[in-house]
Trainee: 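Take a look at this one; I'll ask things after.
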Amino acid sequence: FSSYVSLDDLDAHWLQAGDELLFSVDRRHETIVVQVEGSFNGPSRFTVPRDARLMELLDSIPVDPQLADVDSVSIRRKSVEQRQRESLDESLKRLETAYLGASSATVDESKIRIEEAKLIQDFVKRARQLEPSGRLVVAEGGRVRDTILQDGDVITIPNRSDSIFVSGEVLVPQAMVYQDRQSVDDYIRRAGGFTDRANKRDILLARQSGEVVAADEVRPRPGDEILVLPEIPTKNLELAKTLTQILYQLAVATKVALDL
């Protein structure tokens with residue numbers, strides 16, 4: 001049997017050979033520990049009250065406004081990373097369930113199913129190897145939104161950047177100096193243009209803040225990464241739709257334009 005006693009009452013209990021004594025905390029800590037990374041001055045670890053808020057901490061951290069992009073602050077959070085991983089796993093399992101076990105009515109249809117199965121299995125294998133960032137977006141439109149901090153949070157204050165990175169389905173993925181008057185198409189041309197497998201309709205911009213937006217809705221900014229997604233190599237419209245949704249999910253969670 002087992003019994004629970006407080007430290008004050010422990011002296012009144014006799015211990016016998018073979019007894020196991022386990023000490024446990026029966027109340028929550030009143031403080032949490034958070035970290036800061038990126039462009040700032042001073043310590044990188046802070047012990048703060050459990051109800052501390054992001055803006056309170058940021059106001060106490062000295063930064064050089066010429067070097068730090070304080071409008072693109074973000075938070076890496078363990079619970080967000082876990083949810084991103086769970087959501088991605090759920091999507092990949094639905095993909096496998098829906099298409100790997102589908103039956104075929106004809107020989108030609110069977111051949112198509114085999115090719116689709118190879119595509120899906122390879123895609124799922126590589127997708128599961130990617131690590132979600134756990135990035136919580138708190139900066140939108142140049143404004144940082146306040147939020148309650150959690151134990152283990154890592155607050156990112158990025159350096160101001162003068163570059164743009166182009167990745168995914170372009171001939172020469174690379175970083176290049178930002179030029180104010182250039183559009184997303186201009187940067188893609190500077191990266192050698194699209195590959196034969198590029199989906200020219202689905203281009204994303206990943207901000208330093210962790211926000212990911214459609215490239216046709218905004219203008220690029222210094223520090224952005226242009227992600228050119230691949231065209232889905234299948235005539236199955238439903239499969240193409242499902243894979244496209246997962247590609248978007250991967251881009252948001254990992255900032256990677258996974259090829260097919």
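This chain uses plain numbering: 1 for the first residue, then up along the sequence. The figures that follow rest on heavy atoms only: side chains count, while hydrogens, waters and symmetry mates do not.
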Trainee: Please examine the side chains of Ile232 and Leu247, heavy atoms only from C-beta on, and report whether any two atoms are closer than 4.5 Å.
Mentor: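 The answer is yes, as the side chains (C-beta and beyond) meet within the 4.5 Å cut-off.
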Trainee: I'd like to know if the side chain of Arg190 pairs up with that of Gln182 as donor and acceptor (distance under 3.5 Å, no hydrogens or angles considered).
Mentor: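 The criterion, which ignores hydrogens and geometry beyond distance, is satisfied for Gln182 and Arg190.
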Trainee: In terms of side-chain geometry, is the basic nitrogen of Glu231 or Arg201 positioned less than 4.0 Å from the acidic oxygen of its partner?
Mentor: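 A salt bridge is present here (some side-chain N lies under 4.0 Å from a carboxylate O).
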Trainee: Does atom CD (Glu90) have a neighbourhood of more than 12 heavy atoms from anything else shown, all under 6.0 Å?
Mentor: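 Enclosed.
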Trainee: Considering only heavy atoms from C-beta outward, does the side chain of Asp51 approach that of Ile148 to under 4.5 Å?
Mentor: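 A side-chain contact under 4.5 Å is absent here.
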Trainee: Going by side chain to side chain donor-acceptor pair (under 3.5 Å), Asp224 matches just one of Arg219, Gln208, Arg207. Which one?
Mentor: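 Of all the options given, the one that passes is Arg207.
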Trainee: Is it true that Arg83 and Glu86 make a salt bridge, defined as a side-chain N closer than 4.0 Å to a carboxylate O?
Mentor: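 Glu86 and Arg83: salt-bridged.
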Trainee: If I take atom CZ from residue Phe123 and atom CD from residue Glu116, how far apart are they, to the nearest 0.5 angstrom?
Mentor: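 If we round to the nearest 0.5 Å, Phe123:CZ and Glu116:CD are 14.0 Å apart.
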Trainee: How close do Pro43 and Phe40 get, heavy atom to heavy atom, and via which atoms?
Mentor: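 Distance-wise, the nearest heavy atoms are O-CE1, 3.2 Å.
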Trainee: Are Thr195 and Glu169 close enough that a side-chain donor and a side-chain acceptor fall under 3.5 Å?
Mentor: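 Yes, because at least one side-chain N or O of Thr195 sits under 3.5 Å from a partner of the opposite role on Glu169.
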Trainee: Once side chain to side chain contact (heavy atoms under 4.5 Å, CB included) is applied, do any residues pair with Arg77, and if so which ones, sequence neighbours excluded?
Mentor: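 Only Ile75, Ser79, Val80, Leu136, Gln150, Asp153 meet the side chain to side chain contact (heavy atoms under 4.5 Å, CB included) criterion with Arg77.
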Trainee: Looking only at non-hydrogen atoms, find the nearest pair between Ser74 and Ser209 and report the distance.
Mentor: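 Between these two residues, the closest heavy atoms are CB-O, 3.2 Å.
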Trainee: What's the shortest heavy-atom distance between Val70 and Val144, and which atoms?
Mentor: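 Heavy atoms of Val70 and Val144 come nearest at O-CG2, 3.5 Å.
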Trainee: Do the side chains of Glu37 and Arg45 get close enough for a salt bridge, i.e. N-O under 4.0 angstrom?
Mentor: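 Looking at Glu37 and Arg45, the cut-off is not met.
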Trainee: Does Leu57 reach the side chain of Phe46, with side-chain heavy atoms less than 4.5 Å apart?
Mentor: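 The answer is yes; the side chains approach within 4.5 Å.
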Trainee: I'd like to know whether Val212 forms a side chain to side chain contact (heavy atoms under 4.5 Å, CB included) with Val137, so could you lay out the CA-CA distance, the side-chain angles of the two residues, the decisive distance to 0.1 Å, and finally the verdict.
Mentor: CA-CA 9 Å; Val212 178; Val137 177; over 6 Å; no
Trainee: Before accepting this row, confirm whether a basic side-chain N of the pair Lys93/Asp89 lies closer than 4.0 Å to the acidic partner's carboxylate O.
Mentor: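 Looking at Asp89 together with Lys93, the answer is no, because their closest N to O distance does not fall below 4.0 Å.
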Trainee: Would you say that Leu119 contacts Pro233 through its side chain, given a criterion of any heavy-atom pair below 4.5 Å between the two side chains?
Mentor: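 Leu119 vs Pro233: side chains touch.
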Trainee: Kindly determine whether Glu81 and Arg76 satisfy side chain to side chain contact (heavy atoms under 4.5 Å, CB included), including the steps that lead there.
Mentor: CA-CA 8 Å; Glu81 179 184 351; Arg76 286 194 290 117; over 6 Å; no
Trainee: Do the non-hydrogen side-chain atoms of Ser87 and Gln249 ever get within less than 4.5 Å of each other?
Mentor: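 Sidechains of Gln249 and Ser87: in contact.
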Trainee: Tell me, do Tyr248 and Leu229 make a side-chain contact under 4.5 Å, heavy atoms counted?
Mentor: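 Side chain of Tyr248 against side chain of Leu229, heavy atoms only: contact under 4.5 Å found.
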Trainee: Determine whether Thr31 and Arg50 satisfy the following criterion, side chain to side chain contact (heavy atoms under 4.5 Å, CB included), listing intermediate values before the conclusion.
Mentor: CA-CA 5 Å; Thr31 59; Arg50 180 167 289 277; over 6 Å; no
Trainee: Give a yes or no on whether a salt bridge exists between Asp122 and Lys125, defined as a side-chain N under 4.0 angstrom from a carboxylate O.
Mentor: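 Salt bridge absent between Asp122 and Lys125.
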Trainee: How long is the span from the CG atom in Leu227 to the OG1 atom in Thr254, to the nearest 0.5 Å?
Mentor: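 Reported to 0.5 Å precision, the distance equals 8.5 Å.
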Trainee: Find out whether Ile246 and Leu95 are in side-chain contact, i.e. whether some heavy atom of one side chain is under 4.5 Å from a heavy atom of the other.
Mentor: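 Yes, their side chains come closer than 4.5 Å.
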Trainee: Running the 4.5 Å side-chain criterion over Ile, Leu, Val, Met, Phe, Trp and Tyr, what cluster does Val172 land in, apart from itself?
Mentor: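 So far as hydrophobic clustering goes, Val172 is joined with Leu171.
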Trainee: Kindly indicate whether the side chain of Val34, heavy atoms from C-beta on, has any atom under 4.5 Å from the side chain of Thr47.
Mentor: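 Not in contact.
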Trainee: Hydrophobic clustering (ILVMFWY, side-chain heavy atoms < 4.5 Å, transitive) - are Ile188 and Val213 grouped together?
Mentor: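 Yes, it is one cluster - the side chains of Val213 and Ile188 are joined through contacts under 4.5 Å.
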Trainee: Can a donor-acceptor pair be found, under 3.5 Å and without considering hydrogens, that links the side chain of Gln84 to the backbone of Gly134?
Mentor: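 A pair under 3.5 Å: yes.
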Trainee: Any side-chain donor paired with an acceptor under 3.5 Å for Arg160 and Ser39?
Mentor: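 Ser39 and Arg160 do not have a side-chain donor-acceptor pair below 3.5 Å.
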Trainee: Decide if atom CG of Leu237 counts as having more than 12 heavy atoms of other residues, nucleotides or ligands within a radius under 6.0 Å.
Mentor: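 For Leu237, atom CG is not crowded (no more than 12 foreign heavy atoms under 6.0 Å).
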Trainee: Kindly compute the distance separating OG1 (Thr244) from CG (Leu239), expressed to the nearest 0.5 Å.
Mentor: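 With rounding to 0.5 Å, OG1 (Thr244) is 9.0 Å from CG (Leu239).
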Trainee: Show the nearest heavy-atom pair for residues Gly168 and Pro173, with the distance to one decimal.
Mentor: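 Minimum heavy-atom separation between Gly168 and Pro173: O-CG, 4.2 Å.
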Trainee: Check whether any side-chain N or O of Ser133 sits under 3.5 Å from a backbone N or O of Arg135 as a donor-acceptor pair, and report yes or no.
Mentor: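 Yes; judged by distance alone, with no hydrogens or angles, the pair exists.
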Trainee: Listed by chain and number, what are the side chain to side chain contact (heavy atoms under 4.5 Å, CB included) partners of Asp162, not counting sequence neighbours?
Mentor: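 Checked Asp162 against side chain to side chain contact (heavy atoms under 4.5 Å, CB included); zero matches.
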Trainee: Give me the atom names and distance for the closest heavy-atom approach of Ser72 to Ala139.
Mentor: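 Residues Ser72 and Ala139, closest heavy atoms: CA-CB, 4.1 Å.
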Trainee: Can you get from Val138 to Val36 by hopping between Ile, Leu, Val, Met, Phe, Trp and Tyr side chains that sit under 4.5 Å apart?
Mentor: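 Yes: a chain of side-chain contacts under 4.5 Å links Val138 to Val36.
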Trainee: Do you reckon Val48 sits in the same ILVMFWY cluster as Val63, going by side-chain contacts under 4.5 Å, direct or chained?
Mentor: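 In one cluster: yes.
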Trainee: Applying side chain to side chain contact (heavy atoms under 4.5 Å, CB included) to Ile155 and Leu58, what does each step give before you reach the verdict?
Mentor: CA-CA 9 Å; Ile155 301 165; Leu58 289 178; 4.2 Å; yes
Trainee: Crowded around Asp196 CG? As in, over 12 foreign heavy atoms under 6.0 Å?
Mentor: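 Result for CG/Asp196: open.
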Trainee: What residues form a side chain to side chain contact (heavy atoms under 4.5 Å, CB included) with Asp146, not counting sequence neighbours?
Mentor: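 Once residues adjacent in sequence are excluded, the partners of Asp146 under the side chain to side chain contact (heavy atoms under 4.5 Å, CB included) criterion are Arg53, Leu54, Met55.
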Trainee: Quick one: list whatever passes side chain to side chain contact (heavy atoms under 4.5 Å, CB included) with Asp151, sequence neighbours left out.
Mentor: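 Testing Asp151 for side chain to side chain contact (heavy atoms under 4.5 Å, CB included), a comparison that skips the adjacent residues, returns Ile32, Val33.
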Trainee: Quick one: do Leu205 and Met176 end up in the same hydrophobic cluster if we chain Ile, Leu, Val, Met, Phe, Trp and Tyr together by side-chain heavy atoms under 4.5 Å apart?
Mentor: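 Shared cluster, yes.
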Trainee: Under 4.5 Å between side-chain heavy atoms, counting indirect links through other Ile/Leu/Val/Met/Phe/Trp/Tyr residues: same cluster for Val256 and Ile226 or not?
Mentor: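 Result: no, two separate clusters.
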Trainee: So how far is it from Asp71 CG to Ile157 CD1, rounded to the nearest 0.5 Å?
Mentor: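 The distance works out to 11.5 Å.
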Trainee: Working to the nearest 0.5 angstrom, can you tell me the gap between Tyr187 OH and Glu225 CD?
Mentor: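 It is 14.0 Å, given to the nearest 0.5 Å.
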Trainee: Taking side-chain hydrogen bond (donor to acceptor under 3.5 Å, both in side chains) as the cut-off, I'd like each qualifying pair that reaches into residues 171-181, sequence neighbours left out, listed once.
Mentor: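 For residues 171-181: Tyr178-Asp180.
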Trainee: Please find the pair of heavy atoms, one from Ala257 and one from Val228, that lie closest to each other, and give the distance.
Mentor: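 For Ala257 versus Val228, the nearest heavy atoms are CB-O, 3.7 Å.
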